[in-house]
J.: 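Quick one: structure below, then a few questions.
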Amino acid sequence: MADSPPHGPDERESETLDDWIRQRGGIDGAFAALLSNPALPKATQVFATNMLAGARADAVMDAIHKDIGRFIVAMSAIYLHIKGGLTLPRLKAMVGVRSYLSPERARALLQFLCHLGCLTEAPRPTRREPVRYLPTARFLTAWRDHMRLTLDAARVIEPSVARVLDRLDEPEVFMAFCRNQTEYGMGEMRESHQALAFTRVFMHRFAGQQIFWQLLSVQGAEDALPQGALPVSVEAMAELHGVSSVHVRRLLAAGVREGLLRRCDDNGFVLEAAGRATARFVHAANLFVVIAAADKTAREFA
């Protein structure tokens, strides 16, 4: 894929989304092509910038992005609502949830989403039945806006995802895309991912993903995953993400210990080779899930 010339407008217009996967040898071939795609750094930078912008614009998504567990439960909540109803037992049974969360934390985060105004309890026909939760209109709007931002980043690599992006206000298309993205996304989550240094440092620490996105977004679009120094103001970063300066320093220090970052003399940081490789893989996986989900959704509504 990296060696192929970009499609012209006429070719792109006639290409269907499923060609993106089929013409590249299935799932494995498509993901390998995505990793080698020269547009991946720019797409990664757009993704990071979009996620930060979405959090600044919406307090609900800001709170959800603060923690990978919150995000997984939020994604699963909408998915289970689409697939027959959200209950605590069904949430705890999901493979992706079990991989990242204890049953007790899954319960706590479900209540957190209720406190946040994302979920409301439905009346129970009998006390023996588990409580069923419904997503609020506020939550569905916030999640739809989040989906737009992820599709916008994926469009840098695969412009044809616009066929779903342009129809996201249609409830059936939105729900189908959420279903497909969750099924692809949960399929990518493995217990082995917990052993990754990137997971420990940036995904399981409060606001860790947002801090990493900010590291990427300080450069221009062509300089995503840079090899040069990244200017960092710990105080500004702490204020932006609603955490303490001590928390930011500890997170960055953990990145240094894990070999993901290297501190510079001027208080900047360099993204080490291991950090760049892991970040490239993680963001490629995220974008691949979005493209694959868009592919399936587009075919369902063709």
Side-chain angles (χ1 to χ4, degrees), residues 35 40-41 43-52 55-56 62-73 96-102 104-106 108-109 185 188-220 223-289:
L35 275 174
L40 178 59
T44 299
Q45 197 274 343
V46 171
F47 180 85
T49 301
N50 282 0
M51 294 301 99
L52 291 173
R56 287 195 296 270
D62 180 50
I64 289 173
H65 278 313
K66 282 288 192 291
D67 178 270
I68 185 61
R70 294 180 183 182
F71 185 86
I72 289 173
V73 171
V97 172
R98 294 202 309 267
S99 296
Y100 276 76
L101 304 170
S102 68
E104 294 74 19
R105 186 143 196 265
L109 290 180
E188 288 297 316
M189 291 180 181
R190 303 286 186 269
E191 291 184 6
S192 60
H193 290 180
Q194 300 288 12
L196 293 175
F198 186 89
T199 302
R200 292 193 299 271
V201 174
F202 292 109
M203 297 181 72
H204 279 303
R205 292 174 184 258
F206 194 70
Q209 289 190 104
Q210 292 175 316
I211 289 171
F212 187 79
W213 291 334
Q214 189 176 352
L215 288 174
L216 296 185
S217 67
V218 298
Q219 300 291 315
D223 297 319
L225 307 179
Q227 299 189 34
L230 301 168
V232 173
S233 169
V234 170
E235 290 72 20
M237 191 175 284
E239 182 178 359
L240 178 64
H241 301 297
V243 296
S244 69
S245 298
V246 172
H247 179 76
V248 175
R249 290 192 183 94
R250 287 175 175 171
L251 188 148
L252 295 174
V256 172
R257 288 196 303 273
E258 294 281 4
L260 303 175
L261 301 172
R262 174 165 49 85
R263 191 187 303 273
C264 303
D265 293 337
D266 58 357
N267 292 324
F269 288 84
V270 171
L271 194 59
E272 292 279 46
R276 291 197 307 276
T278 307
R280 188 179 187 89
F281 178 86
V282 168
H283 287 88
N286 288 339
L287 290 166
F288 177 77
V289 165

J.: Contact between Leu52 and His65 at the side-chain level, heavy atoms closer than 4.5 Å - yes or no?
T.: no
J.: Sub-3.5 Å donor-acceptor pair from the side chain of His247 to the main-chain atoms of Ala207, do we have one?
T.: no
J.: Taking atom types as modelled, find out whether Asp67 and Gln209 have a side-chain donor-acceptor pair closer than 3.5 angstrom.
T.: no
J.: With side chains defined as the heavy atoms from C-beta onward, is the minimum distance between His241 and Gln214 less than 4.5 Å?
T.: yes
J.: With rounding to the nearest 0.5 angstrom, report the CZ to OG distance, Arg250 to Ser244.
T.: 7.5 Å
J.: Arg205 and side-chain contact (heavy atoms from CB on, under 4.5 Å): which partner among Ile68, Leu251, Ile211, Thr199?
T.: Leu251
J.: Determine, stepwise, if the pair Leu216 / Leu271 fulfils side chain to side chain contact (heavy atoms under 4.5 Å, CB included).
T.: CA-CA 9 Å; Leu216 296 185; Leu271 194 59; 4.3 Å; yes
J.: Less than 6.0 Å separating the ring centroids of Phe212 and Phe198?
T.: yes
J.: Apply side chain to side chain contact (heavy atoms under 4.5 Å, CB included) to Val248 and Met237, showing your working.
T.: CA-CA 7 Å; Val248 175; Met237 191 175 284; 3.8 Å; yes
J.: I want to check something: taking the side chain as every heavy atom from C-beta on, are Leu240 and Arg56 in contact at a cut-off of under 4.5 Å?
T.: yes
J.: Does the side chain of His283 reach to within under 4.5 Å of the side chain of Trp213, using non-hydrogen atoms?
T.: yes
J.: Is the distance between the ring centroids of His204 and Tyr100 less than 6.0 Å?
T.: yes
J.: I'd like to know if the side chain of Arg280 and the backbone of Leu35 have a donor-acceptor N/O pair within less than 3.5 Å.
T.: yes
J.: Checking the side chain of Arg262 only, and the main-chain atoms of Val270 only, is there a donor and an acceptor separated by less than 3.5 Å?
T.: no
J.: With heavy-atom distances below 4.5 Å as the criterion, would you say the side chains of Phe202 and Val282 are in contact?
T.: no
J.: List the steps, then state whether side chain to side chain contact (heavy atoms under 4.5 Å, CB included) holds for Asp62 with Gln210.
T.: CA-CA 9 Å; Asp62 180 50; Gln210 292 175 316; 3.0 Å; yes
J.: Strictly distance-based, threshold 3.5 Å: is any side-chain N or O of Arg70 a donor or acceptor partner for the main-chain N or O of Ala63?
T.: yes
